[in-house]
Amino acid sequence: MPEGPELHLGSLYVNKMCAGVVFTGPVRKSEVSKSPDVPFTCEAYRITASSRGKEVKLRLTPMKSDDSKQRSKAGQADQTMDVVFRFGMSGYFRFTSEDELPKHSHLCFYSKETPCRVLSFVDTRRFGSWQANGTWQPDRGPCIMFEYESFRKNVVTHLSDRAFDRPICEVLLNQKYFNGIGNYLRAEILFRLNIPPFVPARSVLEGLESEDLCENEKPLKTEIKDEKTSDRVKTVKEETGDLLRLCHTVPLEVVNQGGKGYDPKKEDYSEFKAWLQCYYVDGMKSLRDHNGRTMWFNGDPGPMAPKDLKSPKAKQRAKKTEDHDYTDKKKGAKGGSKSTPKKKVVKQETKTAKKEIEKSEEMVSPQKKRDQLLVGGRPAVQSQLQVQRSGVGELPDRAANEEKREAPLYCVYVFILWNSF
DNA sequence: CGTCCACGTCTAC
DNA sequence: TAGACCTGGACGG
């Protein structure tokens with residue numbers, strides 16, 4: 001569940017499910033967890049949640065007791081305790097009956113009912129963590145969604161920080177400045193503004209104001225009469241706002257979807273998947289950034305793109321043979337994972353038209369290939385945009401973002417490529 | 001069976 | 001700037 005929107009949706013889930021529920025007893029941790037104990041026990045307490053960027057805070061509030069002396073005798077809590085969670089790659093909250101406890105529940109809060117129900121922090125990979133008596137992690141910046149003004153200010157007033165020497169796509173994952181942005185959000189945000197991901201961050205951000213000048217401008221949409229569909233009025237909207245504003249609005253779109261955000265296993269994942277314009281989308285390119293994270297983008301990667309010429313594999317590929325069939329897969333199998341320190345998959349445009357086509361096949365992820373279908377004689381990329389355009393009956397926020405773009409250049413690109421087969 | 005990949009931090013050379 | 005930390009799903013042989 002893990003970028004800003006998912007964390008926030010998680011806090012909404014807790015507040016909704018636990019409203020009016022009384023919890024009791026100790027907080028229990030799984031055997032396998034290495035996170036700290038939560039030394040809290042109470043005859044009757046409530047749980048509420050809040051979020052900030054990529055953290056969720058649970059507040060455990062003891063209910064009033066007639067006999068506070070008795071309570072302190074028994075070692076009961078009489079003060080609230082905050083527990084601050086980070087979700088890692090796979091954390092989320094569930095509220096279930098005791099016998100439906102999900103696998104990988106690592107911290108459990110028991111309700112005072114028979115049979116009882118359990119609020120549990122579930123985390124398959126255990127990259128998540130929590131801190132009893134916790135506070136928001138001090139090195140993390142303001143929340144991109146709910147502390148927008150201070151978030152902007154924090155970035156704009158620290159542009160001289162060496163952190164901004166890096167490519168913009170990598171800076172967007174720096175939680176000191178972009179608390180809540182993660183790997184899918186950075187792709188979606190940069191894509192919408194057509195910003196090459198490996199452009200120096202400072203060059204993109206300098207000149208932006210602390211104040212969002214856009215915020216109070218009402219007419220975000222321009223209505224244009226479409227000649228072809230004469231009687232229909234088509235709304236055309238450019239992406240509104242600068243990069244910092246989109247770091248705020250794009251995550252909020254996910255929250256306003258009301259689903260669970262990024263969660264491929266769940267039923268309601270389809271809406272989120274349809275919302276994605278770039279991340280893991282068929283026809284988009286991807287590159288490993290300098291931290292080994294996959295950056296999804298379209299068009300020019302930008303001047304700071306990893307050249308990867310130093311990677312053992314790239315050397316091998318360049319030296320050994322011009323055999324275009326010498327793929328990463330092959331190398332992986334050959335070299336063995338031990339001798340090659342870390343695989344670096346580079347998928348990029350090449351110069352000649354022929355190679356372009358070959359490479360474009362490599363670029364398509366396996367998952368994509370499954371989905372790759374012709375719809376109405378057009379590549380799926382285009383049809384996806386059409387689906388987005390036809391969205392009906394959405395929340396106002398979302399509706400405003402529906403009818404947003406003419407078919408972008410990449411569609412033309414894909415179309416040409418497609419026909420060249 | 002094995003390899004690769006995944007929404008994120010952390011800390012140790 | 002590598003790795004370490006984990007589980008599990010997809011896919012290949």
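Proteins get letters first, then strands, A, B, ... in listed order; numbering begins at 1 in each. Atoms considered below: every heavy atom in the structure, side chains included; atoms not considered: hydrogens, waters and symmetry mates.
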Would you call the rings of Phe23(A) and Phe109(A) parallel, tilted or perpendicular, taking 30° and 60° as the class edges? perpendicular
Separation of dA6(B) atom P from Arg186(A) atom CZ, nearest Å, is 11 Å
Do Tyr262(A) and Tyr280(A) have ring centroids that are under 6.0 Å from one another? no
Separation of dC4(B) atom C1' from Met89(A) atom CE, nearest Å, is 13 Å
note: Asp139(A), atom CG; dT9(B), atom P; distance rounded to Å ~ 12 Å
Taking the same atom, P, in dC13(B) and in dC5(C), what whole-Å distance lies between them? 12 Å
Tell me: CD of Glu170(A) to C1' of dT1(C), nearest whole Å? 11 Å
About how many Å separate CD1 of Ile181(A) and CD1 of Ile144(A), when rounded to the nearest 0.5 Å? 3.5 Å
Whether His290(A) contacts dA2(C) is assessed here as follows: a side-chain N or O lying under 4.0 Å from the phosphate OP1 or OP2. Is that the case? no
Select one nucleotide: of dT1(C), dT7(C), dA6(B), the one nearest the side-chain heavy atoms of Arg166(A). dT1(C)
For residues 161-168 of chain A, dump all side-chain donor-acceptor pairs below 3.5 Å to protein atoms at least two apart in sequence or in another chain.
| residue | atom | partner | partner atom | Å |
| --- | --- | --- | --- | --- |
| Asp161(A) | OD1 | Ala163(A) | N | 2.8 |
| Asp161(A) | OD2 | Tyr177(A) | OH | 2.4 |
| Arg162(A) | NE | Asp165(A) | OD2 | 2.5 |
| Asp165(A) | OD1 | Arg202(A) | NH1 | 3.0 |
| Asp165(A) | OD1 | Arg202(A) | NH2 | 2.8 |
| Arg166(A) | NH1 | Glu170(A) | OE1 | 2.5 |

Using atom CG of Asp123(A) as one end and atom P of dG8(B) as the other, report the distance to the nearest whole Å. 13 Å
Less than 4.0 angstrom between a side-chain N/O of Gln175(A) and OP1 or OP2 of dG8(B), yes or no? no
Take Glu43(A) and Lys112(A) through the test salt bridge (charged side-chain N to carboxylate O under 4.0 Å, His left out) and record every step on the way to the result. CA-CA 8 Å; Glu43(A) 187 57 30; Lys112(A) 195 173 183 172; 3.1 Å; yes
Just verifying a value: how many Å separate Phe151(A) CZ and Asn179(A) CG, rounded to the nearest 0.5 Å? 10.0 Å
Give a yes/no answer on whether the side chain of Lys103(A) brings an N or O atom under 4.0 Å of OP1 or OP2 in dT7(C). no
Is the Tyr92(A) to Tyr13(A) ring centre distance short of 6.0 Å? no
Using atom OH of Tyr184(A) as one end and atom C1' of dG8(B) as the other, report the distance to the nearest whole Å. 14 Å
Atom CG of Asn291(A) to atom P of dA4(C): distance rounded to whole Å? 16 Å
Using whole Å, what does the distance between atom C1' of nucleotide dT9(B) and atom CG of Asp289(A) come to? 14 Å
For nucleotides 10-13 of chain B, print each protein N/O atom paired with a nucleotide N/O atom at under 3.5 Å, atom names and distance only.
| residue | atom | partner | partner atom | Å |
| --- | --- | --- | --- | --- |
| dC10(B) | OP1 | Arg86(A) | NH1 | 2.6 |
| dC10(B) | OP2 | Gln137(A) | OE1 | 3.4 |

Just compare dG8(C), dG8(B), dA6(B) and give me whichever is closest to any side-chain atom of Arg288(A). dA6(B)
Looking at Arg126(A), does any N or O in its side chain come under 4.0 Å of the phosphate oxygens OP1/OP2 on dT7(C)? yes
Rounded to whole angstrom, note down the C1' distance from dC4(B) over to dG13(C). 14 Å
